[in-house]
Asks: 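Take this structure, written in structure tokens, and hold onto it; I'll ask about it next.
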Amino acid sequence: MSNSGKRIIIDCDTGIDDALALLLAIQYPDWEILGITAVSGNVPLEHTAPNCIRICTLAGKKIPVYAGAAQPLYRERHTAEMVHGKNGIGGVELPLGYDVEHELALSYLTRIVHANPGDIEIIALGPLTNIAQAVLTDPHFSEQVGHLTIMGGAIHGGNATAAAEFNIYADPEAARIVFNAGIPMTMVGLDVTNRALLDYKIFDRWRNSDNAVVRTAGEILYSFRHFFDGIEMEGIALHDPLAVACVIDPTLITTRDLFIDIETKSPIASGKTVADELRVTGKEPNISAAVGLDLKRFLKLFIEAIEGYSQGVPGSLIRRGRGETKLVF
Ligand code: BDR
Ligand code: CA
């Protein structure tokens with residue numbers, strides 16, 4: 001694998017697939033995950049922030065979690081309990097091993113990026129409200145972020161509406177600010193994440209695991225399955241885990257450099273990521289958008305990482321070291 005030794009911040013709205021993405025990220029031995037910033041999205045912030053802690057506790061890690069925006073920049077909150085359940089993780093109950101930090105996400109993001117110019121990789125898995133606030137607040141933030149990988153948007157299509165992907169739809173003004181901020185960015189959108197399907201058979205197997213992490217991953221995913229009863233699906237789309245995996249191993253995707261802006265006004269296309277595929281705007285590309293996916297290698301990486309929690313043997317992705325909390329069940 002490439003891209004070792006990175007210093008990472010994960011900004012997320014945990015969320016079923018965010019939970020799986022966190023479990024994957026924690027398994028990658030070469031990363032230093034400095035902090036997790038929570039944002040309102042799939043469910044309100046009062047659930048997303050503690051959910052990040054619940055997942056870290058489950059994985060035996062104590063990564064600081066900072067509470068961010070409880071509302072989009074300018075609009076009403078749009079959540080997705082229908083998909084993620086009222087508590088955001090499909091009704092699965094997990095212990096809360098430690099507290100949310102006193103410092104708020106905006107202060108943390110600007111402070112840590114300022115202290116480590118060019119060195120921090122942010123992976124954004126929810127609406128872009130926290131990141132936009134940092135761009136608006138700190139004039140140096142955009143030039144000092146090392147790289148930003150976004151799960152969100154699509155060159156073609158949508159899932160919240162026919163035109164827009166959920167994370168962008170939930171806060172289009174924030175997305176517009178971030179996409180136009182000049183940060184080096186990769187967009188891992190529905191064009192590839194809708195292809196990243198995990199077969200139902202796999203998480204059915206995980207639900208019967210002796211290991212608490214693997215079993216919980218199976219239960220969280222299983223809760224999601226009911227949403228698709230009656231809809232023909234070959235599996236569940238691993239949107240957020242794919243974005244994390246692309247930072248672990250960028251060769252999992254192929255990308256295209258494009259100028260992409262965000263529609264914020266249209267009643268039918270609000271939140272659409274408008275991609276200038278034919279370069280008709282004359283604008284320089286502002287983002288590398290994922291267009292191709294090595295599905296087999298991604299699924300291998302993801303499944304091995306989750307199942308690695310039950311192995312903990314040399315050669316697996318699991319790392320035991322300082323900063324761990326002991327999981328008590
Ligand atoms: C994205 O929206 C959320 O529901 C998921 O957590 C993911 O980040 C997929 O469109
Ligand atoms: Ca998410």
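Just so you know, ligand 1 is whichever comes first in the structure, and atom 1 is the first atom listed for that ligand.
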Asks: Would you kindly specify which portion of Asn159 sits under 4.0 Å from ligand 1, judged on non-hydrogen atoms: side chain, backbone, both or neither?
Replies: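 Only the side chain of Asn159 comes within reach of ligand 1.
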
Asks: N/O to N/O below 3.5 Å, does that happen between Leu125 and ligand 1?
Replies: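 For ligand 1, there is an N or O atom that lies under 3.5 Å from one belonging to Leu125.
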
Asks: Does any N or O of ligand 1 fall below 3.5 Å from an N or O anywhere on His239, backbone included?
Replies: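 Between His239 and ligand 1 (N or O atoms, distance only) the closest approach is not under 3.5 Å.
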
Asks: Which residue holds the protein heavy atom closest to atom 3 (C) of ligand 1, what is that atom called, and what is the gap in Å?
Replies: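 Answer, as residue, atom name and distance: Asn42 OD1, 3.1 Å.
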
Asks: Do Arg207 and Thr216 have a side chain donor and acceptor closer than 3.5 Å?
Replies: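 No.
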
Asks: Are Asn116 and Arg7 close enough that a side-chain donor and a side-chain acceptor fall under 3.5 Å?
Replies: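 A donor-acceptor contact under 3.5 Å links the two side chains.
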
Asks: Can you tell me the protein heavy atom closest to atom 6 (O) of ligand 1 and the distance?
Replies: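 Heavy-atom neighbour on the protein nearest atom 6 (O) of ligand 1: Asp17 OD1, 2.5 Å.
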
Asks: What is the ring orientation for His78 with Phe166, classed by angle as parallel under 30°, tilted 30 to 60°, or perpendicular over 60°?
Replies: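 Tilted, since the angle between the ring planes falls between 30° and 60°.
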
Asks: Is it true that the side chains of Glu121 and Thr149 contain a donor and an acceptor less than 3.5 Å apart?
Replies: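 Side-chain D/A pair, Glu121 to Thr149: present.
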
Asks: Tell me the protein heavy atom at minimum distance from atom 8 (O) of ligand 1, and give that distance in Å.
Replies: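 Looking only at protein heavy atoms, the one closest to atom 8 (O) of ligand 1 is Asp240 OD1, 2.6 Å.
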
Asks: For Asn167, counting its heavy atoms only, list the atoms of ligand 1 lying under 4.0 Å from any of them.
Replies: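 Within the 4.0 Å cut-off of Asn167, ligand 1 contributes 1 (C), 2 (O), 3 (C), 7 (C), 8 (O).
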
Asks: Is a donor from one side chain sitting under 3.5 angstrom from an acceptor on the other, for Asp13 and Thr48?
Replies: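 Looking only at side-chain atoms, Thr48 and Asp13 do not form any donor-acceptor pair under 3.5 Å.
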
Asks: I need the O(Leu125)-the Ca ion (ligand 2)-OD1(Asp13) angle, rounded to 10 degrees.
Replies: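 The two atoms subtend 90° at the Ca ion (ligand 2).
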
Asks: Is any NZ, NE, NH1 or NH2 atom of the basic residue among Arg54 and Glu93 found under 4.0 Å from an Asp or Glu carboxylate oxygen of the other?
Replies: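 Looking at Glu93 together with Arg54, the answer is no, because their closest N to O distance does not fall below 4.0 Å.
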
Asks: Determine, for Glu173 against Arg75, whether the closest basic-nitrogen to carboxylate-oxygen distance falls under 4.0 angstrom.
Replies: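 Salt bridge between Glu173 and Arg75, a charged N being under 4.0 Å from a carboxylate O: yes.
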
Asks: Judged on heavy-atom distance to atom 10 (O) of ligand 1, which of His84, Glu165, Met151 sits nearest?
Replies: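 Of the listed residues, Glu165 has the closest heavy atom.
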
Asks: Of all the N, O or S atoms in Asp240, which one sits nearest to the Ca ion (ligand 2)?
Replies: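 Of all N, O or S atoms belonging to Asp240, OD2 is the one nearest the Ca ion (ligand 2).
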
